[in-house]
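These notes concern the structure reproduced below.
What you are looking at is a predicted structure, and each value in this text was computed from that prediction instead of being measured.
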Amino acid sequence: MEEMAKTFVGKDCVVFTIREESPLTGTLREVRDGALLLEKDGNRSLVNLEFVVRLQEHPVGKSGKKKLIVE
């Protein structure tokens, strides 16, 4: 999972975890030692890769705006 997650570094991503809360969004800055470093609006978050269920690039519509994420 760590090697595949590295392909998203520098991209705006949506991270779904095993917790049933809303997904985490932000720019993926770094992947190492089994963790993701997400940055959004100057705030950073570390996410343990063991809890990641799905990782995807944030979808963008035809107009170039980010689409709303609905589970």
Side-chain angles (χ1 to χ4, degrees):
M1 178 73 160
E2 190 170 326
E3 290 301 315
M4 289 187 285
K6 287 181 181 180
T7 63
F8 291 95
V9 171
K11 297 180 181 177
D12 206 24
C13 295
V14 181
V15 180
F16 296 88
T17 62
I18 58 174
R19 297 190 71 183
E20 302 261 341
E21 297 174 359
S22 61
L24 303 168
T25 59
T27 304
L28 184 60
R29 293 292 177 203
E30 192 174 341
V31 179
R32 70 173 177 176
D33 300 328
L36 303 173
L37 176 61
L38 281 177
E39 186 174 340
K40 183 176 181 179
D41 299 329
N43 297 319
R44 294 192 217 171
S45 300
L46 284 174
V47 181
N48 188 333
L49 269 173
E50 292 182 20
F51 299 116
V52 174
V53 176
R54 185 171 68 175
L55 174 65
Q56 72 180 54
E57 192 170 348
H58 204 291
V60 178
K62 292 179 184 177
S63 64
K65 293 183 181 179
K66 294 179 188 175
K67 289 185 178 181
L68 181 65
I69 302 296
V70 179
E71 289 187 41

With distance as the sole test, does Asn48 use its side chain to make a donor-acceptor pair with the main-chain N or O of Glu50 at under 3.5 Å?
-> yes

Excluding Val53, membership of its hydrophobic cluster (Ile, Leu, Val, Met, Phe, Trp, Tyr; side-chain heavy atoms within less than 4.5 Å) reads Ile18, Phe51

Between atom NE2 of His58 and atom OG1 of Thr25, what is the distance when rounded to the nearest 0.5 Å?
-> 5.5 Å

Grab the two heavy atoms, one from Pro23 and one from Val14, that are nearest each other, plus how far apart they are.
-> CB-CG1, 3.7 Å

Distance (rounded to the nearest 0.5 Å) between Leu37 CG and Leu46 CG | 5.5 Å

SG-CD distance between Cys13 and Glu39, expressed to the nearest 0.5 angstrom = 13.0 Å

For Val9, the other hydrophobic cluster members (4.5 Å side-chain criterion, sorted by chain and number) are Met1, Phe8, Val15, Leu24, Leu28, Val31, Leu36, Leu38, Val47, Leu49, Val52, Leu55

